[in-house]
Amino acid sequence: MSFSKIEDDKYPEAVASLLKILRETLIYAQEKGLKVLTETSVDKGKNKACPVYPFDEWPPFSNG
């Protein structure tokens with residue numbers, strides 16, 4: 001739902017950013033031997049991948 005708020009010309013960058021976070025999250029999970037992803041594992045992946053658009057903005061997806 002939040003992706004609908006992303007500017008059209010930034011959409012490819014936002015998708016690429018999401019894939020970077022997913023990659024880092026999966027690498028973290030594999031290194032730790034996790035079988036289930038949690039908010040903590042996603043946060044660890046995000047911390048390794050960020051800052052990336054639009055996740056480096058606060059508040060996220062703000063309209064102003």
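What you see is a predicted model, and the numbers here were worked out from it, not measured in a lab.
- In terms of the side-chain contact (heavy atoms from CB on, under 4.5 Å) criterion, K35 has no residue partners (sequence neighbours excluded).
- Through direct or relayed side-chain contacts under 4.5 Å between Ile, Leu, Val, Met, Phe, Trp and Tyr, L37 connects to L22, L26.
- Hydrophobic cluster membership of I27, counting Ile, Leu, Val, Met, Phe, Trp and Tyr whose side-chain heavy atoms lie under 4.5 Å apart directly or via other members: none, as it forms a cluster of its own.
- A salt bridge (Lys or Arg N to Asp or Glu O under 4.0 Å) check over residues 15-34, counting only residues at least two apart or in different chains, returns the pairs E24-K48.
- Closest of all the heavy-atom pairs between S41 and T25 is O-CG2, 3.6 Å.
- Scanning all heavy atoms of the two residues, the minimum distance from L34 to Y28 falls at CD1-CE2, 3.9 Å.
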